[in-house]
Amino acid sequence: MSYEKCLKMMLKHEGMDVATGKTGFVMDPDDNDGGATNYGITRKTFQDYMGRDVSIDEMRWMPWESVKAIYRKGYWDRYRCDDMPTEGLSLMVFDFAVNSGNRSAKILQEIVNTKVDGHIGEKTMKLVKAHDPDFLKEQFHKKRQEFYDYLAKNGKEKYIRGWTNRNNAVYQEANDLDQ
């Protein structure tokens, strides 16, 4: 699977515009406990990566090499995207992991009917590979939307339109990748 290709696709949904170099830096007081986010990476995640506190300016000017390393180790590798049966499914799992952490793995585990622990191990991966990828993508899209709908009904309604648009766009991109 192509990490670099999926990274660029995912970053588009995090507010980055590759053509203009826009990084997607935001400080939304209602999101991520009011912390700064850049390239979709929260301040806490960047601090964990750096092993120290980071300033708002450091968040704003986050190095591209750090971005690639954080997403590779913390999301792509952690959720075994290289092992997914199709590039489209890799994109869907990766994008949702970035957006909602291990809920991505949990949804995949629900779909393949195995223990839901948020860790994609050998058993989960074997079951994933035993299923039709189109079925997995369709169910993943559906369950992701159900999660967003739940959040919207519980105080996060201001984000539902963006989440829904992202979910639909990623599903379409995943299907396009697998053509």
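No hydrogens, no waters, no symmetry mates; every other heavy atom, side chains included, goes into these values.
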Would you say that more than 12 heavy atoms from the other residues, nucleotides or ligands in this model lie under 6.0 Å from the CG of Asn113, or not?
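Not more than 12 within 6.0 Å, no.
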
Results of side chain to side chain contact (heavy atoms under 4.5 Å, CB included) for [X] - residues two or more places apart only:
{"X": "His119", "answer": "Asp117"}
{"X": "Asp176", "answer": "Gln172"}
{"X": "Asn99", "answer": "Phe96, Arg144, Tyr148, Trp163, Arg166"}
{"X": "Lys44", "answer": "Thr42, Asp48"}

Please list all pairs passing the ring pair (Phe, Tyr, Trp, His ring centres under 6.0 Å) test where one or both residues lie in residues 37-61, with sequence neighbours left out.
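Every ring pair (Phe, Tyr, Trp, His ring centres under 6.0 Å) pair that includes a residue of residues 37-61, provided the two are not neighbours, is Tyr39-Trp64.
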
Using salt bridge (charged side-chain N to carboxylate O under 4.0 Å, His left out) as the criterion, list what pairs up with [X], not counting sequence neighbours.
{"X": "Arg80", "answer": "Asp83, Glu122"}
{"X": "Lys129", "answer": "none"}
{"X": "Lys5", "answer": "Glu87"}

So, do Ile120 and Met84 sit near enough that their side-chain heavy atoms are less than 4.5 Å apart?
yes

Below 4.5 Å, heavy atoms only, C-beta onward: do Val170 and Met9 meet side chain to side chain?
no

Could you tell me which residues satisfy ring-ring contact (aromatic ring centres under 6.0 Å, His included) with Tyr75, sequence neighbours excluded, listed by chain and number?
Tyr71

Taking side-chain hydrogen bond (donor to acceptor under 3.5 Å, both in side chains) as the definition, give me every residue that meets it alongside [X], ordered by chain and number, with sequence neighbours left out.
{"X": "Lys12", "result": "Glu173"}
{"X": "Thr164", "result": "Gln145"}
{"X": "Thr114", "result": "none"}

Indicate, with yes or no, if Val112 and Val116 share a hydrophobic cluster defined by side-chain heavy-atom contacts under 4.5 Å among Ile, Leu, Val, Met, Phe, Trp and Tyr.
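Different clusters: Val116 never reaches Val112 through Ile, Leu, Val, Met, Phe, Trp or Tyr contacts under 4.5 Å.
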
